[in-house]
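Just so you know, residue 1 is the first one in the sequence shown, and it goes up from there. The figures that follow rest on heavy atoms only: side chains count, while hydrogens, waters and symmetry mates do not. Just so it is clear, the structure is predicted and the values come from calculations on it, not from any experiment.
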Amino acid sequence: MEKYNRSQEGKRHGVQDAISLSDCVFIVVGAEHYNTLGVVRTLGERGVAPYLLAYPSDKKLASSSRYVRETRTIDSVDDVMGALEKIRSETQGMIPCFVITSDDKTTSYLDLHYDELVGRFFFFNAGQQGRLTHFMSKKSIGELAVECGFDVLEEWVSTDGGIPEGLGYPVIAKALFPTRDNWKNDAQICHTREELESALTNAASSEMLIQRYLCKENELCIEGFSVNQGKDCFLAISTTYNYRLEKSYSPYMTVSTEVDESICRRISEILKLIGYEGIFEVEFLLGKDGELYFGEINFRNSTWSYASTYAGMPLPVLWARSCLAEKIAPSPKKDLSKEKFLAVVEPDDYYFRVKAGKMSLVQWIGELRKVQCYYYWNGRDVMPVVAYISWKARNKLRAVKRRFGGREA
């Protein structure tokens with residue numbers, strides 16, 4: 001198949017900068033998750049109807065959006081290449097085609113097929129086959145972060161279940177690569193050697209990172225994108241959390257369009273050294289001592305990306321325009337009326353605060369009224385919420401049937 005060529009496409013449209021995103025093909029790949037839904041809504045609200053390649057799920061969250069042009073179910077990540085090729089051939093091939101991924105496994109898969117995709121699709125990459133997957137290793141990206149001036153918590157790699165001598169506790173054990181199946185379940189806080197041995201023995205991942213555990217004060221997440229082999233970088237928003245969860249991030253957050261200049265400079269240097277082109281999220285831990293510790297970079301569209309859309313900086317759209325221009329263009333304009341605001345993942349926040357008995361339903365609804373950005377509810381796109389409620393109801397009904405031995409409830 002003929003490779004996509006910018007200059008050819010520019011001649012076809014008159015000038016390169018005149019290419020409209022409505023003339024392009026957008027393919028969103030991901031799970032039926034609010035992360036994927038956020039990408040679909042971001043594009044749809046700007047007049048672009050994307051194809052959705054969705055992994056199997058009876059929770060039809062992203063695929064229920066009114067903005068999806070067409071949903072195609074893919075059984076596994078190995079089906080992604082064939083699905084991309086089919087859409088490209090159906091849409092004339094020479095049209096610019098953007099692929100936006102919202103999970104690490106798919107991003108790594110495309111990276112490992114870089115040589116087949118480059119010049120024919122715009123996708124998240126580091127300019128060389130396998131290079132992005134290399135920096136998905138928490139050890140590799142941590143070493144680069146230190147080189148660029150960030151502090152990283154002391155860490156060790158275990159490939160055979162071995163435990164370093166003289167280790168201080170507590171520590172956290174987690175998968176070295178975020179591309180393994182069930183890698184989130186491998187994360188365990190261990191207060192003793194016995195707990196660590198158990199965590200390593202029962203982990204699905206063969207390669208584990210052991211890291212000094214920090215009793216965090218908060219976390220900091222920064223969303224942005226880069227183009228031109230990482231030489232041009234735009235950081236849109238920073239996020240901190242309004243209550244702390246020990247093992248995960250909080251679903252209730254404060255979002256700001258201000259990002260510390262020195263942090264921006266160091267993040268830009270990391271991306272330049274990697275040669276990264278794409279949307280990303282950088283995660284930090286904030287210690288009780290006031291210190292900032294680098295955590296990781298997610299080389300994909302991440303969960304809080306839609307908050308950037310709410311703030312007037314739709315990352316998937318800005319990234320696509322910048323890819324065509326080969327620079328950050330046009331200059332993204334922050335909505336100054338939304339310089340700082342609250343955002344919430346409604347179902348998760350309900351679980352952690354109402355179901356956990358930390359507040360009443362009435363109090364929680366009062367809290368929701370203060371929020372400006374919701375990751376599920378959207379008055380212009382209500383069917384994903386309807387689909388989610390239906391999915392929850394079906395699960396409840398199945399649970400009741402199982403409880404009564406399969407009898408009708």
Side-chain angles (χ1 to χ4, degrees), residues 20-54 57-72 98 100-102 223 225 236-237 239 251-257 279 281 301-321 330 332-350 364-393:
S20 168
L21 293 189
S22 61
D23 296 329
C24 304
V25 174
F26 283 80
I27 306 171
V28 180
V29 189
E32 293 278 7
H33 187 270
Y34 66 87
N35 183 346
T36 310
L37 175 62
V39 183
V40 169
R41 283 174 168 169
T42 294
L43 294 170
E45 289 167 7
R46 270 71 185 173
V48 177
Y51 288 89
L52 174 63
L53 299 182
S57 173
D58 59 352
K59 182 175 68 174
K60 305 299 182 184
L61 192 63
S63 58
S64 295
S65 173
R66 63 186 286 256
Y67 299 119
V68 173
R69 174 175 178 174
E70 182 183 339
T71 298
R72 302 186 184 187
F98 294 91
I100 300 174
T101 51
S102 58
E223 317 292 322
F225 72 91
I237 59 172
T239 301
Y252 182 40
M253 64 208 71
T254 297
V255 183
S256 172
T257 57
I279 300 169
E281 176 184 72
N301 189 87
S302 291
T303 44
W304 312 148
S305 174
Y306 188 72
S308 184
T309 299
Y310 174 81
M313 297 168 286
L315 295 179
V317 172
L318 297 176
W319 170 69
R321 288 175 177 165
K333 302 294 184 183
K334 298 182 180 183
D335 187 336
L336 296 180
S337 68
K338 300 170 182 174
E339 189 172 351
K340 186 170 286 190
F341 56 91
L342 298 174
V344 68
V345 186
E346 306 94 289
D348 294 357
D349 191 53
Y350 174 84
W364 183 70
I365 292 173
E367 284 283 303
L368 282 189
R369 295 180 66 181
K370 303 175 185 177
V371 173
Q372 293 82 38
C373 177
Y374 302 94
Y375 290 103
Y376 275 70
W377 172 252
N378 187 306
R380 298 183 301 274
D381 187 32
V382 300
M383 287 310 296
V385 170
V386 173
Y388 177 79
I389 293 172
S390 298
W391 172 73
K392 292 290 287 185

**Prompt:** Side-chain contact, heavy-atom cut-off 4.5 Å: Lys338 with Gln372?
**Reply:** no

**Atom pair OH/CD1 of Tyr310 and Ile237 - distance to nearest 0.5 Å** = 12.0 Å

**Item:** Note, Thr309 side chain near Leu315 side chain (heavy atom, < 4.5 Å)
**Value:** no

**Asked** Okay, side chain of Arg46, backbone of Val317: is any donor-acceptor separation there less than 3.5 Å?
**Response** no

**Prompt:** Does any N or O in the side chain of Asn35 come within less than 3.5 Å of the main-chain N or O of Asn301, such that one atom is a donor and the other an acceptor?
**Reply:** yes

**Item:** Donor-acceptor side-chain pairing of Tyr34 and Glu346 below 3.5 angstrom
**Value:** no

**Complete:** CG of Leu318 to OG of Ser308, rounded to nearest 0.5 Å, is 7.0 Å

**Message:** When you compare the side chain of Val39 with that of Phe26, does any pair of heavy atoms fall below 4.5 Å?
**Reply:** no

**Asked** When rounded to the nearest 0.5 angstrom, what distance separates CZ in Arg69 from CD1 in Ile27?
**Response** 10.0 Å

**Prompt:** Measuring from Ile100:CD1 to Leu53:CG, what's the distance to the nearest 0.5 Å?
**Reply:** 12.0 Å

**Message:** Going by side chain to side chain donor-acceptor pair (under 3.5 Å), name the residues that satisfy it together with Glu32, two or more places apart in sequence or in a different chain.
**Reply:** Ser63

**Side-chain heavy-atom pair Arg380, Tyr67 within 4.5 angstrom cut-off** = yes

**Prompt:** Which pair of heavy atoms, one from Ser20 and one from Cys24, lies closest together, and at what distance?
**Reply:** O-SG, 3.5 Å

**Prompt:** Is there a side-chain contact between Tyr375 and Thr303, using heavy atoms and a 4.5 Å cut-off?
**Reply:** no

**Prompt:** Within the side chain of Thr71, is there an N or O that forms a donor-acceptor pair under 3.5 Å with the backbone of Leu52?
**Reply:** no

**Message:** Quick check: do Tyr306 and Leu37 have side-chain heavy atoms less than 4.5 Å from each other?
**Reply:** no

**Asked** Would you call Val255 and Trp304 a side-chain contact if the rule is heavy atoms closer than 4.5 Å?
**Response** no

**Message:** As a quick check of understanding, evaluate side-chain contact (heavy atoms from CB on, under 4.5 Å) for Met313 and Thr257, giving each step before the final call.
**Reply:** CA-CA 10 Å; Met313 297 168 286; Thr257 57; 3.8 Å; yes

**Item:** Atom pair CE/OH of Met383 and Tyr388 - distance to nearest 0.5 Å
**Value:** 16.0 Å

**Asked** Once you round to the nearest 0.5 Å, how far does OG of Ser390 lie from NZ of Lys60?
**Response** 13.0 Å

**Request:** Taking the side chain as every heavy atom from C-beta outward, state whether Tyr252 and Val371 have any atom pair closer than 4.5 Å.
**Result:** yes

